[in-house]
There are 2 protein chains.
Amino acid sequence: MKTSSNKQPDKDTKTRIMDSAERAIVQSGYGAFSFRDIAEEIGIKSASVHYHYPTKGDLAVAVMTRFTDEFRALLPDPKVASIDPRAMLDGFIDGFKKKIVEQHNMSLCTMLTADKHLLPESVGVALAEFYEVKLSWLTQVFVRLNNLDEDQARLKAGQLLASLHGASVLVQATGEVDWYEKALSLWR
Amino acid sequence: MKTSSNKQPDKDTKTRIMDSAERAIVQSGYGAFSFRDIAEEIGIKSASVHYHYPTKGDLAVAVMTRFTDEFRALLPDPKVASIDPRAMLDGFIDGFKKKIVEQHNMSLCTMLTADKHLLPESVGVALAEFYEVKLSWLTQVFVRLNNLDEDQARLKAGQLLASLHGASVLVQATGEVDWYEKALSLWR
DNA sequence: TTTTATCTATCTATCAATAGGTAGATAAAA
DNA sequence: TTTTATCTACCTATTGATAGATAGATAAAA
């Protein structure tokens with residue numbers, strides 16, 4: 001069996017484009033990343049980026065859906081009894097902190113949410129799907145943790161999600177990283 | 001006493017420029033509003049906007065500080081015993097909802113926070129000042145409401161502020177206005 | 001095996017639109 | 001006369017996007 005004969009047409013370039021775009025969106029938002037910047041960063045020309053992702057919206061959708069898939073893959077199954085739901089919650093909160101707050105950025109989803117009026121509708125759809133992934137996972141965790149019914153648990157999930165995103169806003173606006181743990185102490 | 005003889009050099013145009021800029025920032029962020037759009041909206045040329053606010057940063061600072069001043073003027077003095085601190089808190093939460101959520105926008109401060117990497121430093125400073133106004137007002141309210149010391153009250157203030165901003169993110173991302181009251185039910 | 005055709009990934013060059021900002025003229029008001 | 005507020009006209013830079021060429025790989029046909 002030959003090595004590297006798998007059909008992986010151009011995975012490398014596509015991935016590098018998405019990596020660069022994700023970083024740019026997180027840092028400056030949808031409106032402020034350009035095909036030229038991305039092209040320069042990965043060492044090709046902007047027309048070649050258009051070859052892989054015809055429009056800016058296409059690229060943003062690709063970035064957002066990849067992010068959602070990776071995120072989903074990281075979450076443990078809430079129904080697996082061997083993991084304490086309390087630990088799952090702490091892991092979620094710590095993960096958010098690690099990915100977002102400590103890099104002095106806001107999350108990919110918060111940035112795209114802020115720019116929602118500028119987005120092609122397809123990106124807005126991908127964005128809403130990501131929030132639904134988070135909400136339904138947290139709901140299942142709260143069902144187990146606090147013996148709540150679905151509705152009550154989903155309410156708590158929304159409350160926690162608001163605390164998380166709001167905490168990141170507070171950190172970014174004030175520059176004081178401590179606000180993250182302070183805002184989240186409500187949940188620990 | 002003559003009417004309208006007050007020193008108000010060009011308050012009308014300046015105000016109209018700020019109004020337009022504020023609306024544009026709230027709708028699309030710092031990066032996506034332009035002097036040309038503003039000029040067209042109020043019926044002058046972009047060069048005339050530059051006359052009143054030489055740079056984009058100058059205009060954004062003016063918008064943000066005006067917003068802070070108006071906001072501060074709306075808040076009741078937390079030490080006035082005739083107003084129930086519980087009512088003050090509810091008023092704050094309701095006011096946020098009215099100004100932000102019901103217009104399907106995010107707040108001026110959240111938008112600028114998302115764009116922080118793009119902002120001239122002066123805008124960042126004006127932004128941080130606004131958060132400090134909110135935090136210290138809420139701190140005083142919590143001192144009275146729950147008999148807390150300054151530190152404990154400021155912690156709660158941060159937690160509430162996070163819930164408020166996070167709730168607006170949730171509403172904007174999902175399009176479901178109900179998330180605001182759900183996320184805030186924690187505080188009512 | 002050679003030729004022909006197609007596909008992939010990149011390039012150069014360019015487009016129209018828009019950006020923030022500036023120079024200089026003008027006319028009215030103080 | 002000087003100041004205030006506006007204009008016209010322009011500059012340089014950047015944007016998302018497209019057209020057309022090219023080099024190399026692949027695969028089918030002769």
Side-chain angles (χ1 to χ4, degrees), chain A residues 2-22 24-25 27-64 112 115 117-123, chain B residues 2-25 27-63 112 115 117-123:
Chain A
K2 280 186 290 182
T3 57
S4 89
S5 80
N6 260 356
K7 203 69 201 300
Q8 288 185 338
D10 49 343
K11 191 196 161 193
D12 282 336
T13 302
K14 276 190 140 90
T15 301
R16 280 159 68 217
I17 291 172
M18 282 193 279
D19 291 346
S20 175
E22 182 175 325
I25 294 172
Q27 204 160 70
S28 312
Y30 181 81
F33 85 91
S34 77
F35 277 59
R36 279 176 180 76
D37 291 343
I38 288 169
E40 192 173 8
E41 187 172 309
I42 70 173
I44 61 176
K45 298 296 172 182
S46 74
S48 306
V49 181
H50 279 284
Y51 169 77
H52 294 283
Y53 300 100
T55 70
K56 206 177 177 183
D58 293 331
L59 175 49
V61 168
V63 168
M64 195 63 233
L112 287 177
D115 286 337
H117 293 287
L118 309 172
L119 303 177
E121 203 189 310
S122 53
V123 185
Chain B
K2 283 187 287 181
T3 59
S4 89
S5 81
N6 260 356
K7 202 70 202 301
Q8 291 182 338
D10 49 342
K11 191 195 161 196
D12 282 335
T13 301
K14 276 189 140 93
T15 301
R16 280 158 67 216
I17 291 172
M18 282 193 281
D19 290 346
S20 176
E22 182 176 324
R23 195 198 44 70
I25 294 172
Q27 205 161 69
S28 314
Y30 180 81
F33 86 91
S34 78
F35 276 55
R36 280 177 180 76
D37 291 341
I38 288 170
E40 191 172 8
E41 186 173 309
I42 69 173
I44 61 176
K45 298 296 170 183
S46 73
S48 306
V49 181
H50 280 285
Y51 169 77
H52 295 283
Y53 300 100
T55 70
K56 206 178 177 181
D58 293 330
L59 175 50
V61 168
V63 168
L112 288 177
D115 286 336
H117 293 286
L118 308 173
L119 302 177
E121 204 189 312
S122 52
V123 184

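Below, chain A is the first sequence line, B the second, and so on; all start at residue 1.
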(request) Would you mind telling me which of D:dT8, D:dT18, C:dC11 lies closest to the side-chain atoms of B:Lys45? (result) D:dT8
(request) Using whole Å, report how far CD1 of B:Ile42 lies from P of D:dT6. (result) 8 Å
(request) Describe, in one word, how the ring planes of A:Phe33 and A:Tyr30 are oriented to each other, choosing from parallel (under 30°), tilted (30 to 60°) and perpendicular (over 60°). (result) perpendicular
(request) Nearest 0.5 Å please: distance from the CD atom of B:Glu41 over to the CZ atom of B:Arg36. (result) 16.0 Å
(message) Under 3.5 Å for both donor-acceptor distances, Watson-Crick or wobble: does D:dT8 have a partner, and if so which one?
(response) C:dA23
(request) Check DNA chain C against residues 28-40 of chain A and give the residues with a non-hydrogen atom under 4.0 Å, in numerical order. (result) A:Arg36
(request) Supply the atom-to-atom distance A:Ile44 CD1 to A:Ile17 CD1, rounded to the nearest 0.5 angstrom. (result) 4.5 Å
(request) Could you tell me the separation between the NE2 atom of B:His50 and the P atom of D:dC7, rounded to a whole number of Å? (result) 13 Å
(request) Return the value, rounded to whole Å, for the distance between atom CG of A:Leu118 and atom P of C:dT18. (result) 15 Å
(message) Under 4.0 Å from OP1 or OP2 of D:dT4: is there any side-chain N or O of B:His52 that close?
(response) no
(request) Scan every strand shown for a Watson-Crick or G-U wobble partner of C:dA30, both distances under 3.5 Å, and answer none if you come up empty. (result) D:dT1
(request) Report the distance from atom CD1 of B:Ile44 to atom P of D:dC7, rounded to the nearest whole Å. (result) 6 Å
(request) Would you mind telling me which of D:dC7, D:dA17, D:dT4 lies closest to the side-chain atoms of A:Thr55? (result) D:dA17
(message) In whole Å, I'd like the distance from the CG atom of A:Leu59 to the P atom of D:dT15.
(response) 14 Å
(request) Would you tell me if any nitrogen or oxygen in the side chain of A:Tyr51 comes within less than 4.0 Å of OP1 or OP2 on C:dA9? (result) yes
(request) Taking the side chain as every heavy atom from C-beta outward, state whether A:Asp115 and A:Val123 have any atom pair closer than 4.5 Å. (result) no
(message) Just N and O in the side chain of B:Ser48: are any of them under 4.0 Å from OP1 or OP2 of D:dA5?
(response) no
(request) Compare every heavy atom of B:Ser46 with every heavy atom of B:Ala39, then report the nearest pair and how far apart it is. (result) CB-N, 3.4 Å
(request) Just do the side-chain hydrogen bond (donor to acceptor under 3.5 Å, both in side chains) check on A:Asp12 and A:Thr15 with the steps written out, would you? (result) CA-CA 5 Å; A:Asp12 282 336; A:Thr15 301; 5.7 Å; no
(message) Looking at B:Tyr53, I'd like to know if the NZ or CZ of B:Lys14 sits under 6.0 Å from its six-membered ring centre while staying within 45 degrees of the ring's axis.
(response) yes
(request) Please check the phosphate of D:dA17 (OP1 and OP2 only) for any side-chain N or O of A:Ser46 closer than 4.0 Å. (result) no
